[in-house]
Amino acid sequence: MSATRVLVLNSGSSSVKYQLLDMRDSSRLATGLVERIGERSSRLKHTPLGGPSRERTEPIADHEAALKAVAAELAEDGLGLDSPELAAIGHRVVHGGKTFTEPTVIDERVLAEIERLIPVAPLHNPANLTGIRTARALRPDLPQVAVFDTAFHTTMPESAARYAIDVETADAHRVRRYGFHGTSHAYVSRTTAQLLGRAPEDVNVIVLHLGNGASASAVRGGRCVDTSMGLTPLEGLVMGTRSGDMDPAVIFHLMRVGGMSTDEIDTLLNKKSGLIGLCGDNDMREIRRRIDEGDEQAKLAFDIYIHRLKKYIGAYYAVLGRVDAIAFTAGVGENAAPVREAAVAGLEELGLLLDPDLNAVRADEPRVISRANSRVTIAVVPTDEELEIATQTYALVEDN
């Protein structure tokens, strides 16, 4: 096709992140962020390829105004939304349920289904829908594609996806494990196979996406067979502000004994737990600094974080049976060498031999950090969710 550009939009409740990519070489022509939408102090930061960033602070009333501001910034660089070189707009959509197993061209039926899924993604899907509807109004003639965070995980077998609760109740309320960060897990597992010089279908990988939100996945031959996040992004690993796994009866206990409301408990587990709940910080750099100064509370938080991480590595090793690689990604996974070191320490019998010197190297490229004689490759693979969304979007519209 002659048009080779894809605009990737990630619409949050009060923000829009965007990137414009040229799919001929996957180069980024522009990136940007609009934040604090609806406030007097709304801010737009736009960075064109090879040029200085432009920043402005002014009231931006809603997502329509935000996308119009983005379009104006792109137009200033000769990259406007009316360009004939723009092939499609790709939208990140957090929750696609069981319905959407792959990227999907957006129409009214798709919009209705995304809306129907709002009860299982009340914080994310409404904002994603707003971004989609606004973009469609600005360019109704342009193909627009939804790329779902949950899609990569729809290959999980029922034995991994179902919770052990009454089947009729679960089905009536769509209660099951969906998983999230799917575009990252897809990109990183495939890139890890490339790093090993092998086809994705020949490689078993444990992907550890460690950012403020964190998730693990077991990927067998390019297909997810288990993942740590569940019905919502709350389950699984210890995160920046989320608790991850815990006894569900804790909720009933807090209601009955603590007198807490469901909204208060929701806020506690999603925004006041995890690392910030354990030690008051959710920045791993600050936690490590405090540990170096002898802070016992920070050390305990770190130890709890690592303990949970090791449990998932061991569990997914058992699920896969054979592990070819473990890939660390996202902000903490890519940059926190002490986390990577601690996560695999003591797992030598599982074939995990870390090279301390390689682990200490900072780089932007995928790299191996295990010893030459390590049976399992340990890798750092920077994630690129925007490129993955653009790739999937472009492939779909090109096929059609």
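Side-chain atoms are counted along with the backbone in the values below, which use heavy atoms only and exclude waters and symmetry mates. Since the model is a prediction, treat every value here as computed from it, not as a measurement.
- The residues Arg136 and Glu108 are annotated as salt-bridged, a charged nitrogen and a carboxylate oxygen being separated by less than 4.0 angstrom.
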Legend entry - From CA spacing to verdict: side-chain contact (heavy atoms from CB on, under 4.5 Å), Glu385, Lys17: CA-CA 12 Å; Glu385 295 174 89; Lys17 297 178 185 176; over 6 Å; no

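- In terms of the side-chain hydrogen bond (donor to acceptor under 3.5 Å, both in side chains) criterion, residue partners of Glu293 (sequence neighbours excluded) are, by chain and number, Arg289.
- Summarising the hydrophobic clusters (Ile, Leu, Val, Met, Phe, Trp, Tyr; side-chain heavy atoms under 4.5 Å, direct or chained), the residues clustered with Ile106 are Val93, Phe100, Val110, Leu111, Ile114, Ile118, Leu129, Ile132, Phe148.
- Shown here are the salt bridge (Lys or Arg N to Asp or Glu O under 4.0 Å) partners of Glu39, two or more places apart in sequence or in another chain: there are none.
- Using a 3.5 Å distance cut-off with no hydrogens or angles, the side chains of Gln19 and Arg28 do pair a donor with an acceptor.
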Legend entry - salt bridge (charged side-chain N to carboxylate O under 4.0 Å, His left out) between Asp171 and Arg162, intermediate numbers included: CA-CA 10 Å; Asp171 289 348; Arg162 278 199 175 270; 2.9 Å; yes

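- Using cut-offs of 30° and 60° for the angle between ring planes, the His185 and His209 rings count as tilted.
- Remark: Thr383 pairs with Ser184 by the side-chain hydrogen bond (donor to acceptor under 3.5 Å, both in side chains) rule, at least two apart or across chains.
- With sequence neighbours left out, the side-chain hydrogen bond (donor to acceptor under 3.5 Å, both in side chains) criterion links Asp245 to Tyr312.
- Here the shortest heavy-atom pairing between Val380 and Ile369 reads CG2-CD1, 3.8 Å.
- Taking Ile, Leu, Val, Met, Phe, Trp and Tyr as members and joining any whose side-chain heavy atoms lie under 4.5 Å apart, directly or through other members, the hydrophobic cluster of Val16 also contains Leu7, Leu9, Tyr18, Leu20, Leu29, Val34, Ile37, Leu44, Leu49, Ile60, Leu67, Val70, Leu74, Leu79, Leu81, Leu86, Ile89, Leu138, Leu142.
- Neither Val188 nor Val225 shares a network with the other; the hydrophobic side chains, linked directly or stepwise wherever heavy atoms of I, L, V, M, F, W or Y lie under 4.5 Å apart, form separate groups for each.
- Side-chain atoms of Thr232 come within 3.5 Å of backbone N or O of Leu234 as a donor-acceptor pair.
- A salt bridge does not link Arg290 with Glu286: every distance from a Lys NZ or Arg NE/NH1/NH2 to an Asp or Glu carboxylate oxygen is 4.0 Å or more.
- Defined by atom type and a distance below 3.5 Å, a donor-acceptor pair is missing between the side-chain atoms of Glu35 and Ser42.
- The pair Arg133-Glu115 counts as a salt bridge, with a side-chain nitrogen and a carboxylate oxygen less than 4.0 angstrom apart.
- Residues satisfying the salt bridge (Lys or Arg N to Asp or Glu O under 4.0 Å) test with Asp77, not counting sequence neighbours, are Arg54.
- Note on Arg177 versus Glu235: salt bridge recorded, some NZ/NE/NH1/NH2 to OD/OE distance being below 4.0 Å.
- With sequence neighbours excluded, the residues forming a side-chain contact (heavy atoms from CB on, under 4.5 Å) with Arg285 are Asp283, listed by chain and number.
- Of the N and O atoms on the side chains of Asp22 and Ser27, not one donor lies less than 3.5 Å from an acceptor on the other residue.
- One hydrophobic cluster, built from ILVMFWY side chains closer than 4.5 Å, cannot hold both Tyr187 and Leu208; they sit in different ones.
- Summarising the hydrophobic clusters (Ile, Leu, Val, Met, Phe, Trp, Tyr; side-chain heavy atoms under 4.5 Å, direct or chained), the residues clustered with Ile276 are none.
- Between Lys310 and Asp303 no salt bridge is recorded (no basic side-chain N to carboxylate O distance below 4.0 Å).
- Using modelled atom types and a 3.5 Å distance limit, the side chains of His181 and Ser215 yield a donor-acceptor pair.
- Every residue two or more places apart in sequence or in another chain that forms a side-chain contact (heavy atoms from CB on, under 4.5 Å) with Ile251 is listed here: Met246, Met255, Ile265, Leu269.
- Thr99 meets the side-chain hydrogen bond (donor to acceptor under 3.5 Å, both in side chains) test with Glu113; sequence neighbours excluded.
- Partners of Glu102 under the salt bridge (Lys or Arg N to Asp or Glu O under 4.0 Å) rule, at least two apart in sequence or in another chain, do not exist in this structure.
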